[in-house]
Amino acid sequence: MAEVMKARDSRLIEIEAIIVAYAMSRLNDVFLARFRFKSWRSAFASASSSLGVPATSMKNLRDEFDPLHGFRKGWHQRPIRPNRQRVLSEFSEVSDDALLEVVDRLLARDQDATAEIVNPIAFSKDRVENVAERLRTGRLAEEYFVANSLNICRVPAKSLRDCRQDAGGFDFAVIDRPSVVIEVKGLKARWGGILFTDREWRTARARSENYWLVVVGDIAGTPKAKIWRDPSRMLDVRSSLRRSTTVSWQAAVSVA
């Protein structure tokens, strides 16, 4: 683990720590409850272990944001630094649930969250405010899929193996059908754009009909799911190259 931490760019580590510290300051007791921390000392220690920064740095970063949120006095005499201002501007309009989703993924060392959230803040001027909400929508879609997988694709939940943290280009494998993998996307409405990472799209093309895409639409209302088997053949996509050299693939879909 230590070798992995040393290999990571220090600018990315700093931005990750700032985002988590901002959430600590803004959400206060909600943050502790969400991650089941009994004290700030344990919260700082856990974040330190996950992100590879000193626990004292996590406390100091939280304290820098405290004058803005009113739970503690914090570093009220210290001017806010540019990268702190960038995080503040990106997340000030993001919902609490979406902010917690981002923190959850950063602490779990989610590579997609780093690519989509942290890289643009650290290396470019690309806006990321919508990404946090999309991550939250995706998590709700995954939960809906697990609860309804039998009706959606005739695969019972007990036959699903969770692969979301494996960085394999898909969310679930099917235990009794080893060739089949499933990727789940979410939409707030019944139609809209979905985004594949380059790893997901390459995996979809390689597995063809054994790569199933499930899109859950109207996730905050009356969810409805639709399945595409072999989305690389069935969907019309276009690629985009970000300045952080992260490639993504976009498609417009409808579950109606």
Side-chain angles (χ1 to χ4, degrees), residues 4 7-23 26 47 50-52 83-143 145 162-172 183-189 192-204 213-216 219 231 235 237-253:
V4 174
R8 297 170 60 223
D9 191 295
S10 60
R11 290 168 293 182
L12 295 179
I13 296 173
E14 183 177 25
I15 294 299
E16 290 171 350
I18 293 170
I19 293 172
V20 174
Y22 166 77
R26 169 176 151 180
S50 296
L51 302 177
N83 56 1
R84 279 71 156 168
Q85 291 177 344
R86 177 74 194 275
V87 168
L88 179 63
S89 67
E90 292 288 354
F91 288 95
S92 60
E93 299 300 321
V94 168
S95 70
D96 291 351
D97 285 338
L99 178 58
L100 286 167
E101 181 68 27
V102 170
V103 171
D104 189 30
R105 295 191 180 216
L106 292 180
L107 294 179
R109 307 272 12 103
D110 186 302
Q111 296 179 20
D112 290 340
T114 297
E116 296 186 61
I117 293 283
V118 181
N119 282 15
I121 294 176
F123 302 124
S124 77
K125 296 181 180 179
D126 293 345
R127 301 292 296 177
V128 302
E129 67 271 20
N130 292 329
V131 179
E133 297 293 347
R134 178 165 54 79
L135 292 176
R136 173 65 177 171
T137 300
R139 175 63 64 89
L140 293 174
E142 292 161 3
E143 293 173 354
F145 169 72
D162 192 338
C163 302
R164 285 174 285 183
Q165 297 301 323
D166 296 348
F170 52 88
D171 292 322
F172 301 95
E183 174 66 19
V184 181
K185 304 289 185 184
L187 295 173
K188 285 189 174 181
I194 59 172
L195 186 71
F196 294 90
T197 66
D198 191 48
R199 180 173 61 251
E200 291 168 352
W201 191 247
R202 285 188 285 107
T203 304
L213 168 68
V214 173
V215 178
V216 181
I219 195 66
L235 296 181
V237 303
R238 60 184 178 87
S239 65
S240 60
L241 182 64
R242 301 179 183 177
R243 279 177 289 177
S244 59
T245 69
T246 298
V247 179
S248 60
W249 299 78
Q250 303 172 55
V253 299

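When reading the values below, keep in mind they use all heavy atoms of this one structure, side chains included, and skip hydrogens, waters and symmetry mates.
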task: Determine, stepwise, if the pair Arg139 / Glu143 fulfils salt bridge (Lys or Arg N to Asp or Glu O under 4.0 Å).
output: CA-CA 6 Å; Arg139 175 63 64 89; Glu143 293 173 354; 5.0 Å; no

Report yes if some heavy atom in the side chain of [X] is under 4.5 Å from a heavy atom in the side chain of [Y]; otherwise report no.
| X | Y | answer |
| --- | --- | --- |
| Asp97 | Leu99 | no |
| Arg202 | Thr197 | no |
| Leu12 | Phe123 | yes |
| Val215 | Ile194 | yes |
| Ile117 | Ile15 | no |
| Phe91 | Val102 | yes |
| Arg199 | Asp112 | yes |
| Gln165 | Arg109 | no |

Just to verify, what does [X] make a side chain to side chain donor-acceptor pair (under 3.5 Å) with, not counting sequence neighbours?
| X | result |
| --- | --- |
| Ser95 | Glu133 |
| Asp96 | Arg26 |
| Glu142 | Arg164 |

task: May I have the step-by-step check of side-chain contact (heavy atoms from CB on, under 4.5 Å) for Ile18 and Val20, ending in yes or no?
output: CA-CA 5 Å; Ile18 293 170; Val20 174; over 6 Å; no

task: Carefully, step by step, assess Leu235 and Leu213 under the rule side-chain contact (heavy atoms from CB on, under 4.5 Å).
output: CA-CA 10 Å; Leu235 296 181; Leu213 168 68; 3.7 Å; yes

task: Go through the steps for Leu187 and Thr137 under the test side-chain contact (heavy atoms from CB on, under 4.5 Å), then give the verdict.
output: CA-CA 7 Å; Leu187 295 173; Thr137 300; 5.6 Å; no

message: Are more than 12 heavy atoms, taken from residues, nucleotides or ligands other than Gln111, located less than 6.0 Å from that residue's CD atom?
response: no

field: Arg11 to Ala122 - nearest heavy-atom pair and separation
entry: O-CB, 4.3 Å

query: Shortest non-hydrogen contact from Ala115 to Pro120?
result: O-CD, 3.5 Å

Under a 3.5 Å distance rule, please check whether [X] uses its side chain to pair with a backbone N or O of [Y] as donor and acceptor.
| X | Y | value |
| --- | --- | --- |
| Asp166 | Gly168 | no |
| Ser50 | Ala47 | no |
| Glu200 | Gly169 | no |

Atom pair [atom1] ([X]) and [atom2] ([Y]), whose distance is rounded to the nearest 0.5 Å:
| X | Y | atom1 | atom2 | result |
| --- | --- | --- | --- | --- |
| Phe172 | Glu183 | CZ | CD | 9.0 Å |
| Asn83 | Leu88 | CG | CG | 11.5 Å |
| Leu106 | Leu135 | CG | CG | 9.0 Å |

query: Going through the distances and angles, do Ile19 and Ile121 end up as a side-chain contact (heavy atoms from CB on, under 4.5 Å)?
result: CA-CA 10 Å; Ile19 293 172; Ile121 294 176; 4.2 Å; yes

- prompt: Is Lys185 positioned over the aromatic face of Phe196, cation under 6.0 angstrom from the ring centre and no more than 45 degrees off axis?
  reply: yes

